[in-house]
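Data block below; observations after.
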Amino acid sequence: IGERLFALFDNNNDSYLDITEFVTSMFKIHSSDFNLKMKLIFELYDFDKDGCITKDDVGLLLSHAPIEKLNKDKNSAKEGQFTQSGGGREEYSDRAQSQRELQNLVNVCFGDKTK
């Protein structure tokens, strides 16, 4: 998401934010009205810049969303923590399952529509 925000803020596409781009971007985030903030969020989701948020755009953004493993056992290893006995396999399978669930959610929301 950070790279996507940077691309939105880099108006002249020179891979740097000059002072004007930086200040304008911070204004959009913190001090702008509701409509300008919604435009920024829309542009964030519109990866292919076609003026429409597609199923693929939403799927791409959700695929990068952090997944928090909720575990009721306080003594168990946290997600991402590996053990000598091969820990990490469960975390990968949980992540894969979460991604499938997110994709199913996108499919339910969009149905057969692409835009």
Side-chain angles (χ1 to χ4, degrees):
I1 292 176
E3 290 177 17
R4 181 70 186 131
L5 274 174
F6 184 89
L8 287 174
F9 297 161
D10 184 19
N11 294 323
N12 60 3
N13 298 315
D14 65 354
S15 298
Y16 298 97
L17 294 183
D18 62 32
I19 188 71
T20 302
E21 291 168 325
F22 179 77
V23 170
T24 302
S25 301
M26 293 300 104
F27 176 80
K28 284 181 182 179
I29 291 173
H30 295 288
S31 302
S32 64
D33 66 8
F34 177 79
N35 291 331
L36 192 55
K37 286 179 182 174
M38 288 300 101
K39 184 177 185 292
L40 176 66
I41 291 170
F42 183 88
E43 291 172 351
L44 179 68
Y45 276 83
D46 185 17
F47 284 94
D48 54 7
K49 299 178 184 178
D50 66 350
C52 297
I53 296 175
T54 65
K55 181 192 243 184
D56 291 338
D57 292 334
V58 174
L60 182 61
L61 190 63
L62 288 176
S63 73
H64 290 84
I67 305 296
E68 182 177 329
K69 181 180 176 184
L70 300 176
N71 198 331
K72 295 179 183 177
D73 180 5
K74 294 180 182 178
N75 296 323
S76 65
K78 293 181 180 178
E79 182 177 357
Q81 215 172 23
F82 290 85
T83 65
Q84 290 183 350
S85 61
R89 290 188 200 118
E90 179 182 307
E91 288 83 4
Y92 175 79
S93 65
D94 289 345
R95 177 83 180 164
Q97 178 63 31
S98 296
Q99 291 301 319
R100 285 190 295 275
E101 291 170 4
L102 287 172
Q103 188 59 47
N104 288 338
L105 179 63
V106 169
N107 290 337
V108 167
C109 291
F110 277 83
D112 292 335
K113 299 175 186 173
T114 56
K115 295 184 181 185

>> So, using side-chain contact (heavy atoms from CB on, under 4.5 Å) as the criterion, who are the partners of D10 when residues are at least two apart?
In response: F6, N12, D14, L17, E21
> Between F34 and I41, is there a shared hydrophobic cluster once you connect ILVMFWY residues whose side-chain heavy atoms come closer than 4.5 Å?
Replying inline: yes
> In chain order, what residues pass the side-chain contact (heavy atoms from CB on, under 4.5 Å) check against F47, with sequence neighbours excluded?
Replying inline: R4, D57, L60, L61
> What closest approach, in Å, do F42 and G51 show between heavy atoms, and which atom pair accounts for it?
Replying inline: CZ-O, 3.4 Å
> How long is the gap from OG on S25 to CG on L8, to the nearest 0.5 Å?
Replying inline: 8.5 Å
> Where do M38 and N35 land on the side chain to side chain contact (heavy atoms under 4.5 Å, CB included) test, with the steps shown first?
Replying inline: CA-CA 5 Å; M38 288 300 101; N35 291 331; 5.5 Å; no
>> I'd like to check the salt bridge (charged side-chain N to carboxylate O under 4.0 Å, His left out) partners of E43; sequence neighbours left out, ordered by chain and number.
In response: K39
> Between F9 and F27, is there a shared hydrophobic cluster once you connect ILVMFWY residues whose side-chain heavy atoms come closer than 4.5 Å?
Replying inline: no
> Who are the side-chain contact (heavy atoms from CB on, under 4.5 Å) partners of K28, not counting sequence neighbours?
Replying inline: T24, L36, L40
> Would Y45 end up clustered with V108 when hydrophobic side chains under 4.5 Å apart are linked, directly or stepwise?
Replying inline: no
